[in-house]
Amino acid sequence: QVQLVESGGGLVQAGGSLRLSCAASGRPFSTYAMGWFRQAPGKEREFVAGISWNGYSTAYADSVKGRFTISRDNAKNTVYLQMNSLKPDDTAVYYCNADDDTIVVVTANAVGDYWGQGTQVTVSS
């Protein structure tokens, strides 16, 4: 059983930064591929970023590459999403995603089995 809890969302002005955190329960965390997705009202869920169990491989959506950075701290059972140069189009609920078996890196086409409750990110213009 894997439980995921996101935090760090909020309201920020365009050009600002936020860091999202996702704390995972269940052992061993070091075996989980982790990722972030987002969904804006009335829009489809969108892949944002993914990271391998050992942190050595990452994947990013083209829309966020160069602005967002995914990282993990296995000792803290936590994955992070550092979001810089935020744009109003980044406004969405951000969801943490995890897989504990077959996925090496979470991507748009390799979605994990577990989801967090989501955290709201709102970017004002």
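Just so it is clear, the values below take in all heavy atoms, side chains as well, and ignore hydrogens, waters and symmetry mates.
What you find for Ala59 and Val105 is that their closest heavy atoms are CB-CG1, 4.1 Å. Between Asn84 and Ser17, the closest heavy-atom pair is OD1-OG, 2.9 Å. Considering all non-hydrogen atoms of both residues, Val48 and Val64 come closest at O-CG2, 3.5 Å. When all heavy atoms of Phe47 and Ala61 are compared, the closest pair comes out as O-CB, 3.3 Å. The heavy-atom pair separating Ala40 from Ala92 by the smallest distance is N-CB, 3.8 Å. For the pair Val2 and Ala98, the tightest heavy-atom approach, listed with the atom from each and the gap, is CG1-CB, 4.5 Å.
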Pair Thr91-Arg38, side chain to side chain contact (heavy atoms under 4.5 Å, CB included): steps then yes or no: CA-CA 9 Å; Thr91 295; Arg38 66 188 182 186; over 6 Å; no
Intermediate values then yes/no, side chain to side chain contact (heavy atoms under 4.5 Å, CB included), Tyr32 and Val79: CA-CA 10 Å; Tyr32 305 164; Val79 64; over 6 Å; no
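In summary, the side chains of Ser52 and Asn54 do present a donor paired with an acceptor at a separation below 3.5 Å, with no hydrogens or angles considered.
Note: Asn77 CG to Gln3 CD = 12.5 Å, rounded to the nearest 0.5 Å. Distance CG/Asp100 to CE/Met34: 10.5 Å, rounded to 0.5 Å. The CZ atom of Arg19 sits 11.5 Å away from atom CE of Met83, with the distance rounded to the nearest 0.5 Å. Rounded to the nearest 0.5 Å, atoms CH2 (Trp115) and CZ (Arg45) are 3.5 Å apart.
With Arg72 contributing its side chain and Gly55 its backbone, the two residues share no donor-acceptor pair below 3.5 Å. Although no hydrogens or angles enter the test, the distance criterion places no donor-acceptor pair under 3.5 Å between the side chain of Glu6 and the main chain of Cys22. Side-chain atoms of Asn97 come within 3.5 Å of backbone N or O of Tyr114 as a donor-acceptor pair. A donor-acceptor pair is defined here as one N or O able to donate and one able to accept, closer than 3.5 Å; such a pair exists between the side chain of Tyr60 and the backbone of Ile70.
Using a 4.5 Å cut-off between side-chain heavy atoms of Ile, Leu, Val, Met, Phe, Trp and Tyr, with links allowed through other members, Val93 and Val121 fall into different hydrophobic clusters. Cluster membership check: Phe68 does not share its hydrophobic cluster with Tyr95, using side-chain heavy-atom separations under 4.5 Å among Ile, Leu, Val, Met, Phe, Trp and Tyr.
Evaluated for a side-chain contact (heavy atoms from CB on, under 4.5 Å) with Tyr80, the options Asp73, Ile51, Leu20 yield exactly one hit, Asp73.
In terms of the ring pair (Phe, Tyr, Trp, His ring centres under 6.0 Å) criterion, Tyr94 has no residue partners (sequence neighbours excluded).
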